[in-house]
Protein chains: 2
Amino acid sequence: MQTYSATNGIRQTVPAAVAMRGAAALSRQESPKRLSGTRIVLARGDELFAENDDADFFYKVLSGTIRTYKLLSDGRRQIDAFHLAGDIFGLEPGATHRFSAEAVERCEVIAFRRCGFTTLAADDPALGDQLMSSMMVNLERAHDHMLLLGRKTAQEKIATFLLDMARRVSSSDSFELPMQRSDIADHLGLTIETVSRTLTQLAKDGIIKLASASRSVVLCDKAALQRLNA
Amino acid sequence: MQTYSATNGIRQTVPAAVAMRGAAALSRQESPKRLSGTRIVLARGDELFAENDDADFFYKVLSGTIRTYKLLSDGRRQIDAFHLAGDIFGLEPGATHRFSAEAVERCEVIAFRRCGFTTLAADDPALGDQLMSSMMVNLERAHDHMLLLGRKTAQEKIATFLLDMARRVSSSDSFELPMQRSDIADHLGLTIETVSRTLTQLAKDGIIKLASASRSVVLCDKAALQRLNA
DNA sequence: CGTATTGTTGATTGCAATCAATGAGAGTGG
DNA sequence: CCACTCTCATTGATTGCAATCAACAATACG
């Protein structure tokens, strides 16, 4: 069952409009010859799938940002990754998803029906390679992130995060963070207060600049950040 | 270049015997028809590969325990996984390994030469599925572990770890831990002192029993551990 | 313009890290 | 066989980083 987290924290059924949009796109675009996906548009906060949903599809981001996360029974959340344009996620070894996925901001994604991998690879070898490669990239990012979560200080976590986001969302050292402080906190294993304090401190030190809106960041001293990153 | 960590912490070239054994096995076992690997035997502490080594091979554990880990420049270590019999690891998106691998105890592994994935899958579809599946399992474990590292307390981390090890190394609730406290600490993002204290406390609470050698563990109250795990 | 949401800042607490010392085995050589 | 050493583990005292508690500011939104 598709659900999303409403702002009040209560889980509700996805608006019918979202489900319909998906279904319409499916019938319109599906082709027998080549693996093609269903285009889905998500608004900020919409849920794509939840933990324990059937994993009949996996996804590729066209635009926007998706967060995938797991929850503990008392509500503590760990965002294991932010998926940006081009990223593939949601491929599972079992029949159900082991984490949830939501739109951080307005997103377009393509849903691919999951099928036997070899059949798929035989049908389209390039896609097979791409999928395998994407799994390996996701795993590599997970390894890096485990090092961050297990062994880095708050300052080091923020420095790593900023460098990583700069590399992924922008060609320059100036960019807009797509997510809010609570998302950053739950990704880095911190609280929102610590995220805020640490960013403020880096700004005071002249290492970064924060705009008044505080979603836009300029990396003034990348070398200093990289020193915190090692 | 293959190296291993000597007990004094200085990295040395692998004993010629190990390298030779591998080479001999390779020429003896390699067959053009079916993908076959090189059997390698590792002693406790031997290094299989290091970060930035060429990733020409990936590995499957036959027996024993392998730890894969990353280091920060100042020596802080994060063990991202322990690999037990049947586990596959070391497959990389790039040309080099992004983490190191060492034997926690005496190990037998098979090294498979890495080659284009589709060629491989076309050659042996079952193996292709197995590889993809193993990547997905590794990624799933990584997700679970990120939740642990980012959001669980010391007690919860230990509880999760014990339940996981029990499931993987033993059919019963009584088993031997293959690794020492420092390995557990670097896997869970704790110090050895905290690992020790937490295990002692669980024993005092009657939830587990530790033998004098303190490597052997009995889970007396699995339900209590599972409560800490959720 | 008022309200809800998101972000910042300050005071204090608490969990796990650090510092320090001791204990328990395993292996070695006299 | 028994000191001796070395590694690994435990336990205690104290510190410190980030969490928690609390209040307020800024921004977005209907």
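The chains referred to below are lettered A, B, ... by the order of the sequence lines, with proteins before strands, and numbering in each begins at 1.
At most 12 heavy atoms of other shown residues, nucleotides or ligands fall within 6.0 angstrom of atom CZ in B/R44.
The aromatic rings of A/F99 and A/F49 lie tilted to each other, with the angle between the two planes from 30° to 60°.
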Distances for protein N/O vs nucleotides 10-12 of chain D N/O pairs under 3.5 angstrom?
| from | atom 1 | to | atom 2 | distance (Å) |
| --- | --- | --- | --- | --- |
| D/dT10 | OP1 | B/R181 | NH2 | 3.3 |
| D/dT10 | OP2 | B/R181 | NE | 2.8 |
| D/dT10 | OP2 | B/S196 | OG | 2.8 |
| D/dT10 | O5' | B/S196 | OG | 3.0 |
| D/dT11 | OP2 | B/T200 | OG1 | 3.0 |
| D/dG12 | N7 | B/R197 | NH1 | 2.8 |
| D/dG12 | O6 | B/R197 | NH2 | 3.1 |

For nucleotides 25-30 of chain D, which of its nitrogen or oxygen atoms have a protein nitrogen or oxygen under 3.5 Å away, and what is each distance?
| from | atom 1 | to | atom 2 | distance (Å) |
| --- | --- | --- | --- | --- |
| D/dT27 | OP1 | A/S212 | O | 3.3 |

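Checked by atom type and distance alone, the side chain of B/K70 never pairs as donor or acceptor with a backbone atom of A/L147 at under 3.5 Å. Remark: side-chain polar atoms of A/T65 are not paired, donor with acceptor, to backbone N or O of A/V104 under 3.5 angstrom. Although no hydrogens or angles enter the test, the distance criterion places a donor-acceptor pair under 3.5 Å between the side chain of B/Q78 and the main chain of B/H187.
Rounded to an integer number of Å, the gap from CG of A/L190 to P of D/dT20 is 11 Å. For the pair A/I158 CD1 and D/dA18 P, the interatomic distance rounds to 10 Å; values are reported in whole Å. Straight-line distance from the CZ atom of A/R76 to the C1' atom of D/dT20: 14 Å, rounded to whole Å. One can place CD of B/Q201 at 13 Å from P of C/dC15, the figure rounded to the nearest angstrom. B/L148 has its CG atom 12 Å from the P atom of C/dA16, to the nearest Å. In this structure, the CG atom of B/D183 is 13 Å from the C1' atom of D/dA9, given to the nearest Å. The NZ atom of B/K157 sits 12 Å away from the C1' atom of C/dA17 (whole-angstrom rounding). At whole-Å resolution of the value, CZ in B/R151 and P in D/dT20 are 8 Å apart.
In this structure, the separation between CG on A/D186 and CZ on A/R181 is 13.5 Å, given to the nearest 0.5 Å. Put simply, CZ on A/R151 and CD1 on B/I79 are 9.0 Å apart, with the number rounded to the nearest 0.5 Å.
With C/dA17, C/dT6, D/dA9 as the choices, the nucleotide that has an atom nearest any side-chain atom of B/R215 turns out to be D/dA9.
Only one option out of B/L62, B/I66, B/I88 pairs with B/V109 in a side-chain contact (heavy atoms from CB on, under 4.5 Å); it is B/I66.
The two residues B/I208 and B/C220 make their nearest non-hydrogen contact at C-SG, 3.8 Å.
Contact check, B/T191 against C/dA16: no side-chain N or O comes under 4.0 Å of OP1 or OP2.
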